[in-house]
Protein chains: 2
Amino acid sequence: MASDHTRSAILAAAERLYADRGFGDVTLRDIVAEAGVNLAAVNYHFGSKDELIAELFVTRSIATNRERLRELKAAEEEGGGRAPIEVILRALVGPTLRGCLGPENQRSTAARFMIRASIESVPPIRRIKNREIDHLRKFAGAMRRSLPDRSDVDIYWGLNFALAMAHHTIRESERLTKLSEGKCDLDDVEDVVARVVSVATMALTAGRVEAKVPSKVAAR
Amino acid sequence: MASDHTRSAILAAAERLYADRGFGDVTLRDIVAEAGVNLAAVNYHFGSKDELIAELFVTRSIATNRERLRELKAAEEEGGGRAPIEVILRALVGPTLRGCLGPENQRSTAARFMIRASIESVPPIRRIKNREIDHLRKFAGAMRRSLPDRSDVDIYWGLNFALAMAHHTIRESERLTKLSEGKCDLDDVEDVVARVVSVATMALTAGRVEAKVPSKVAAR
DNA sequence: GATAGTTTCATACAACTGTTTGAATTGCAA
DNA sequence: TTGCAATTCAAACAGTTGTATGAAACTATC
């Protein structure tokens, strides 16, 4: 097995650089310079640049997903198989938001990397994201058990909107801060989580929308 | 001057290719081949590749923003300066959703291009997006007039969530279809608009005296 | 039809990319 | 120490990219 030193030095350097400068303009040569290793080391240890990126992303994704499922499982067990919808939603968006928001100076490299990954979405990452569906289905299942009266369509839309609000807020956190002139405090992560969960809960529990809106409603 | 033929052939070809294959792997040589013009023509007519992309995106953005403001202005005039919040939200997310969703085979090249732009977010486009804040402020203003009791913070969060749901649904439309096994019909654009507007309205009006939610949203 | 200005074209350029190679070095077991 | 595999390294490779050049082909005006 040897020392693994080079390998992990590359991983750390790559994550740092991608987090800071994005995938677009970080080359292998930048990475090996930062890591203090030889250019060929990346291909020797990872096979290719894409596989390096994939390994970084998979590692972080697994960590987040495990945390989400841990919270979900705990909630369902406590409720004897049915968890309150807010708690499920919190398990869904909480870990990601907590990982990616918060005061910038104490944001981890891993968090900043994941933000980049959600903004730039480079091919190897997209491929992995497509396999995330099974993971989301577990949440859809829990939501269905929590809201048995709700139609599948509504469940999926609720899930979609919850993820939408969480991810978009992360992606565009800078713009929201600027737009609101600092009035929206994105460093107060628990407030953000509460807002997202609250709106998603309303989406899932309030009166459902008519499937077809006669589009006269707008003109009114 | 002159015929402009080459210029517009390049624009059309570039938009088509970017829409189909994304920014990542479309080169200038691909574009000029598709347009049937010489390689040097791009730099001659646009200065650089980035300026070509920027021109494409600006053109489409202006069209969308104009449409949004047109709907907003009409609504506010009809309401004597105050439009119902659903109508404002509909003006905000409607044009984009209508432009980017709907049956794939009848989706315009322009629409598919804008979807790509929202997914891949290449540098010249990011630069332009940052200037969109002034445009959003106009909507924040209208929302404030519509919901005078609401705090600025809540207004901005509502605006953020509305955009979040619209954009995320566009970005991840494929995944939502797969996740829901086709149960969520993304071709029914007016239904999608109604869902987004409905949830965003709830986000903005919940927990308050239902100021003036005219029609059906509060009901059922 | 000569002229001046614009537009097109083939071609070259310079830089950068990820990857490969084969020799040198290291680490470790016998 | 010897031998062998794993690792590191400098260098080159092969390909692609966007851009620049200078001559040729147009176009319109006089």
Side-chain angles (χ1 to χ4, degrees), chain A residues 1-58 113 116-117 120-128, chain B residues 1-58 113 116-117 120-128:
Chain A
M1 282 274 142
S3 76
D4 260 2
H5 168 268
T6 302
R7 211 187 129 83
S8 47
I10 291 173
L11 283 171
E15 187 166 52
R16 217 174 315 143
L17 288 178
Y18 285 141
D20 286 344
R21 293 161 35 192
F23 298 98
D25 47 35
V26 172
T27 72
L28 280 189
R29 283 167 177 83
D30 294 331
I31 294 171
V32 298
E34 174 88 359
V37 303
N38 187 270
L39 174 60
V42 171
N43 286 276
Y44 178 79
H45 285 281
F46 298 91
S48 71
K49 185 194 187 185
D50 278 9
E51 289 175 84
L52 165 61
I53 294 179
E55 175 158 337
L56 276 170
F57 185 70
V58 165
F113 172 83
R116 285 288 181 187
E120 290 193 26
S121 183
V122 82
I125 289 183
R126 249 189 309 252
R127 275 193 289 272
I128 295 164
Chain B
M1 336 237 142
S3 76
D4 261 1
H5 168 268
T6 303
R7 210 187 129 85
S8 47
I10 291 173
L11 283 171
E15 186 167 52
R16 217 175 313 143
L17 288 178
Y18 285 140
D20 286 344
R21 294 163 32 193
F23 298 97
D25 48 34
V26 172
T27 72
L28 279 189
R29 284 167 176 81
D30 293 332
I31 293 171
V32 298
E34 173 89 0
V37 304
N38 186 270
L39 174 60
V42 171
N43 286 276
Y44 178 79
H45 285 281
F46 299 91
S48 71
K49 186 194 190 186
D50 278 9
E51 288 175 84
L52 165 62
I53 294 179
E55 176 158 338
L56 276 171
F57 184 70
V58 165
F113 172 82
R116 284 288 181 187
E120 291 194 26
S121 183
V122 82
I125 289 183
R126 247 189 311 251
R127 275 192 289 271
I128 295 164

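Basis for what follows: all heavy atoms, side chains included, without hydrogens, waters or symmetry-related copies.
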Any N/O pairs under 3.5 Å between the protein and nucleotides 27-29 of chain D? List them or say none.
none

Point to revise | Contact residues, residues 12-21 of chain A to DNA chain D [heavy atom, < 4.0 Å] | key: none
Exercise for review: Specify the angle, to 10°, made by the local axes at the two ends of the helix from C:dG1-D:dC30 to C:dA30-D:dT1 when five pairs are taken at each end.
Suggested key: 0°
Practice item. For residues B:A9 and B:A35, report the shortest heavy-atom separation together with the two atoms involved. Key: O-CB, 3.6 Å
Point to revise | Least distance between heavy atoms, B:V32 atom then B:V42 atom | key: CG1-CG2, 3.8 Å
Point to revise | Spacing of CD1 belonging to A:I53 relative to CD1 belonging to A:I128, to within rounding of 0.5 Å | key: 9.5 Å
Check your understanding: Taking atom OH of A:Y18 and atom CG of A:D30, what is their separation to the nearest 0.5 Å?
Key -> 9.0 Å
Review point. About how many Å separate NZ of A:K49 and CZ of A:F23, when rounded to the nearest 0.5 Å?
Key: 9.5 Å
Practice item. Output the distance between atom CG (B:L52) and atom CZ (B:R7), rounded to the nearest 0.5 Å. Key: 9.0 Å
Practice item. Specify the separation, in whole Å, of atom CZ of A:F46 and atom C1' of D:dT7. Key: 14 Å
Study note, to complete from the structure: With sugar-phosphate taken as primed atoms, P, OP1 and OP2 and all else as base, the protein-contact string of nucleotides 13-25 of chain C at under 4.0 Å (heavy atoms; B, S, -) is ----BBBBB----
Practice item. Give, for atom CG of A:L39 and atom CG of A:L28, the distance between the pair rounded to the nearest 0.5 Å. Key: 6.5 Å
Practice item. Please answer whether the main-chain N or O of B:D25 pairs with a side-chain N or O of B:R21 as donor and acceptor at a distance below 3.5 Å. Key: yes
Revision key, fill the gap. Residue set satisfying side-chain hydrogen bond (donor to acceptor under 3.5 Å, both in side chains) with A:D20, at least two apart, ordered chain then number -> A:R112
Review point. Restricting to pairs with a member in residues 37-48 of chain A, which pass side chain to side chain donor-acceptor pair (under 3.5 Å), not counting sequence neighbours?
Key: A:S48-A:E51
Check your understanding: Hey, what do you get for CG (B:D50) to CD1 (B:I125), rounding to the nearest 0.5 Å?
Key -> 9.5 Å
Point to revise | Distance-minimising heavy-atom pair for B:E34 and B:A13 | key: CG-CB, 3.5 Å
Check your understanding: Can you tell me if the side-chain N/O atoms of B:T6 get under 4.0 Å from OP1 or OP2 in C:dT8?
Key -> yes
Review point. Quick one: B:D25 CG to D:dG15 C1', roughly how many Å, whole number?
Key: 15 Å
Practice item. Would you mind reading off the distance between B:H45 atom NE2 and C:dT6 atom P, rounded to a whole angstrom? Key: 13 Å
**Study point:** Close side-chain approach of B:E15 to B:F113, heavy-atom, < 4.5 Å
**Key:** yes
